[in-house]
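Input: a single structure, listed below in structure tokens.
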Number of protein chains: 2
Amino acid sequence: MQEVAKRAGVALSTVSYALNGTRPISDDTRQRILRAMDELGYQPHAMARGLASKRTRIIALLFPASGRGLGATALEIVTGAAGAARAMGYHLVVWSTEAHGVDELRSLLSQGLVDGVVVMRVRLRDDRIDLLRTMDVPFSMIGRTASPADVNFADIDYDQTTREAVDYLVGLGHRKIAFLNHSRESFEAGYGPSVRAAGGFESAVRSAGLEPIMWLCDDAPQAGRQALDELLVLHPDLTALVAMNELAIVGVMHAIRERGWRVPDDLSIMSLVSAVQTAEMTMPPLTAMTPPYDELGRLGVDVLIERLERQAAGRPRPLQGLLPCRLVVRGSTAPPRAATATPAAARG
Amino acid sequence: MQEVAKRAGVALSTVSYALNGTRPISDDTRQRILRAMDELGYQPHAMARGLASKRTRIIALLFPASGRGLGATALEIVTGAAGAARAMGYHLVVWSTEAHGVDELRSLLSQGLVDGVVVMRVRLRDDRIDLLRTMDVPFSMIGRTASPADVNFADIDYDQTTREAVDYLVGLGHRKIAFLNHSRESFEAGYGPSVRAAGGFESAVRSAGLEPIMWLCDDAPQAGRQALDELLVLHPDLTALVAMNELAIVGVMHAIRERGWRVPDDLSIMSLVSAVQTAEMTMPPLTAMTPPYDELGRLGVDVLIERLERQAAGRPRPLQGLLPCRLVVRGSTAPPRAATATPAAARG
DNA sequence: CTGAAAGCGCTAACAC
DNA sequence: GTGTTAGCGCTTTCAG
């Protein structure tokens with residue numbers, strides 16, 4: 001740094017100011033400094049900066065170690081988060097502390113390595129969030145706790161997403177649409193996605209003048225099969241199904257085939273929050289509301305850094321971003337058959 | 001730290017030595033120090049340690065930003081790597097520099113933030129590896145370049161994995177087994193997995209006294225369909241198929257259904273390097289050789305840290321770990337039908 | 001804007 | 001083992 005200063009013909013402290021923008025610097029001087037840095041291939045030493053400034057420019061991403069149930073999903077979030085951090089001049093460390101619990105998180109935080117934390121996969125009641133609050137560590141969430149009023153977060157707009165899915169099906173002419181939600185446990189536990197999607201479904205269906213049909217279903221092929229059978233007993237005139245559960249959909253589609261029906265001719269299927277990769281693993285590929293997971297990761301980091309840099313003094317109001325899923329039409333949806341004929345009769 | 005020393009009744013430097021194990025310390029003293037640290041809730045400051053010791057205890061994971069083609073896979077590697085790093089007292093930062101290229105990587109490395117790098121998804125010829133070599137940054141690879149002789153790496157044992165798959169099918173009684181490999185381009189480019197799997201297939205099949213049938217196929221349902229049709233023209237008595245390509249398998253299975261055949265009765269299907277999540281997305285779920293991706297990530301970190309800590313002076317010899325996939329039998333494989341009847345005739 | 005200087009919290013060398 | 005001390009490479013304050 002001394003060398004840079006010398007080469008640019010300025011004081012060492014001026015170089016520092018130019019680097020952090022801590023103090024205004026004339027454009028001419030800044031250019032000279034930047035050139036000097038370039039010529040010498042100078043890169044500020046991250047640790048020294050961190051030690052001196054008490055701002056490490058490192059943030060942590062807390063993610064679930066469990067893995068199952070969120071393969072491609074979580075990766076996209078990580079990718080998006082890493083990209084956003086990088087773009088803002090931050091580094092992203094990953095901490096998968098779910099296994100080791102809150103104590104480990106506490107000790108990690110005490111090391112002073114990170115300026116803030118992005119918490120993935122928050123639960124409605126979340127120890128990690130409580131800890132972050134009491135330790136007064138800046139953080140943002142991807143997802144929401146039960147009471148996120150004063151916190152920066154990024155989440156999927158489940159309500160809006162479900163509405164759009166229903167609207168699309170209604171637009172195709174469907175009048176009898178069922179919603180296969182997550183499991184009963186998660187719904188009754190108040191799990192955000194389940195609850196908000198249910199709300200969106202009901203209001204969208206009602207405003208189309210239809211009757212809401214919701215079914216709770218575990219995420220397994222066998223559960224999906226059974227759900228379809230039961231649904232068709234109660235509503236034999238069903239023409240479309242919206243589902244939150246990818247593995248359940250596999251079962252549903254198989255059950256449909258066994259009846260001699262076809263997707264989408266006899267029943268349209270729509271996957272609700274489904275990553276590209278899984279939507280294309282079925283035959284036909286699934287029309288889906290695809291979540292912008294990378295943007296979600298990006299936004300999670302953005303709101304944290306916003307909090308870090310601009311909300312340092314006086315907290316204006318939390319930044320909360322809701323991202324809707326994007327409709328991707330593939331092969332599993334179509335207008336319903338003529339209402340007069342049942343599928344079996346129609347083909348028979 | 002001063003406080004810890006005071007409370008334990010020792011010198012500040014002794015606390016430091018106890019912390020890093022830089023110098024032998026009596027058990028009694030160590031216990032007193034540890035207790036004092038515990039009581040005061042002391043945590044060493046990561047950045048200060050890093051600055052003073054020139055060892056940051058942070059390593060970077062370089063991963064492909066591209067995302068597609070490796071959803072759940074890559075996540076498991078990240079998870080495994082993060083866990084291993086954590087267990088060894090390291091932090092893991094993620095750098096997805098593929099987009100920004102080698103220049104960005106260079107500047108990242110110059111910041112002195114990391115002690116070493118784990119490179120994911122290495123290509124046969126890889127700029128990133130070249131850069132790491134010239135900058136003399138310790139690194140390990142997950143996967144292999146063309147000439148990995150002197151480097152620490154962790155990779156899947158494709159050869160062994162393919163052998164085991166073939167052996168399993170031969171054990172079931174199959175005598176006519178085809179191998180659906182990756183695309184022609186990747187095979188001809190010498191892409192490691194394609195080439196090594198092909199080698200394993202050929203040698204396993206030959207040692208069972210059978211004829212190797214390999215087909216190159218893009219990773220898309222349509223390509224899979226076509227491949228199956230073509231294969232069955234040339235080898236109508238095929239009873240089993242081993243495939244590297246998950247999306248191609250989707251097409252294969254669909255083509256089989258359209259012929260009125262069933263999996264596994266008329267044709268056994270085996271997925272070669274298939275994550276759990278995708279293997280369970282089909283009906284029937286796929287018997288697969290499942291890669292231990294989390295262990296791969298873990299091992300990648302382990303061999304890097306080994307290099308960092310023990311190979312500091314005098315490089316004994318590189319640590320190179322090959323992990324075989326694990327056979328998971330699901331519903332897509334079975335003994336072949338009696339060889340005398342073709343499937344169609346058998347059912348007709 | 002300059003130049004000098006005091007840390008940031010630790011490591012590691014030194015003399016004892 | 002102890003106690004002391006000189007940095008690590010930067011930020012930031014201070015007087016000019």
Side-chain angles (χ1 to χ4, degrees), chain A residues 1-34 36-37 40-58 89-91 107-115 308-309 312-313, chain B residues 1-34 36-37 40-58 89 91 107 109-115 308-309 312-313:
Chain A
M1 197 158 160
Q2 188 60 263
E3 286 180 32
V4 174
K6 203 171 297 173
R7 188 173 190 109
V10 300
L12 184 150
S13 52
T14 308
V15 175
S16 173
Y17 294 132
L19 224 43
N20 320 267
T22 323
R23 227 159 69 171
I25 280 191
S26 80
D27 237 44
D28 173 54
T29 314
R30 165 171 293 111
Q31 291 312 321
R32 285 213 316 282
I33 292 174
L34 290 179
M37 297 202 309
L40 286 120
Y42 168 85
Q43 278 289 129
H45 187 107
M47 301 242 119
R49 289 181 88 174
L51 182 57
S53 67
K54 311 216 153 285
R55 293 200 41 222
T56 63
R57 287 178 176 76
I58 301 176
Y90 281 71
H91 289 280
S107 87
L108 247 17
L109 287 169
S110 322
Q111 293 183 176
L113 209 234
V114 304
D115 290 340
L308 250 29
E309 299 193 341
Chain B
M1 197 157 162
Q2 188 59 265
E3 287 181 31
V4 173
K6 205 171 296 172
R7 186 171 190 110
V10 300
L12 185 149
S13 53
T14 309
V15 175
S16 173
Y17 294 133
L19 226 42
N20 318 269
T22 323
R23 227 160 68 171
I25 281 192
S26 81
D27 237 43
D28 173 53
T29 314
R30 167 173 291 112
Q31 290 312 321
R32 285 213 317 282
I33 293 175
L34 290 179
M37 298 202 307
L40 283 110
Y42 168 85
Q43 278 287 130
H45 187 108
M47 301 242 120
R49 289 181 88 175
L51 182 57
S53 68
K54 311 213 153 291
R55 294 200 38 223
T56 64
R57 288 178 175 75
I58 300 177
H91 289 279
S107 87
L109 287 169
S110 324
Q111 293 183 177
L113 210 236
V114 304
D115 291 339
L308 250 28
E309 300 193 339

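A note on names: the letters A, B, ... follow the listed sequences, proteins ahead of strands, and every chain is numbered from 1.
In this structure, CD1 of B:I25 is placed 14 Å from C1' of D:dG3, rounded to the nearest angstrom. Nucleotide D:dG1 holds its P atom 8 Å from the CD1 atom of B:I33, rounded to whole Å. Atom pair A:R23:CZ and D:dC10:P shows a separation of 18 Å (rounding to whole Å applied).
The closest side-chain heavy-atom distance from B:T29 to B:Y17 is not below 4.5 Å. Looking at A:V10 and A:V15, their side chains come closer than 4.5 Å, going by heavy atoms from C-beta outward. A:I58 is not listed as a side-chain neighbour of B:H91, based on a closest heavy-atom distance of 4.5 Å or more.
The shortest heavy-atom contact between A:G112 and B:M47 is O-CG, 4.3 Å.
Here A:R7 pairs with A:E39 under the salt bridge (Lys or Arg N to Asp or Glu O under 4.0 Å) rule; sequence neighbours left out.
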Extract from the structure each pairing of a protein N or O with an N or O of nucleotides 9-11 of chain C at less than 3.5 Å, listing the distance.
{"unit_1": "C:dG9", "atom_1": "OP1", "unit_2": "A:K54", "atom_2": "NZ", "d": "3.1"}
{"unit_1": "C:dG9", "atom_1": "N2", "unit_2": "B:A48", "atom_2": "O", "d": "3.4"}
{"unit_1": "C:dC10", "atom_1": "OP1", "unit_2": "B:Y42", "atom_2": "OH", "d": "2.7"}
{"unit_1": "C:dC10", "atom_1": "OP1", "unit_2": "B:H45", "atom_2": "N", "d": "3.1"}
{"unit_1": "C:dT11", "atom_1": "OP1", "unit_2": "B:N20", "atom_2": "OD1", "d": "2.7"}
{"unit_1": "C:dT11", "atom_1": "OP1", "unit_2": "B:N20", "atom_2": "ND2", "d": "3.4"}
{"unit_1": "C:dT11", "atom_1": "OP1", "unit_2": "B:R49", "atom_2": "NE", "d": "3.1"}
{"unit_1": "C:dT11", "atom_1": "OP2", "unit_2": "B:S16", "atom_2": "OG", "d": "2.8"}

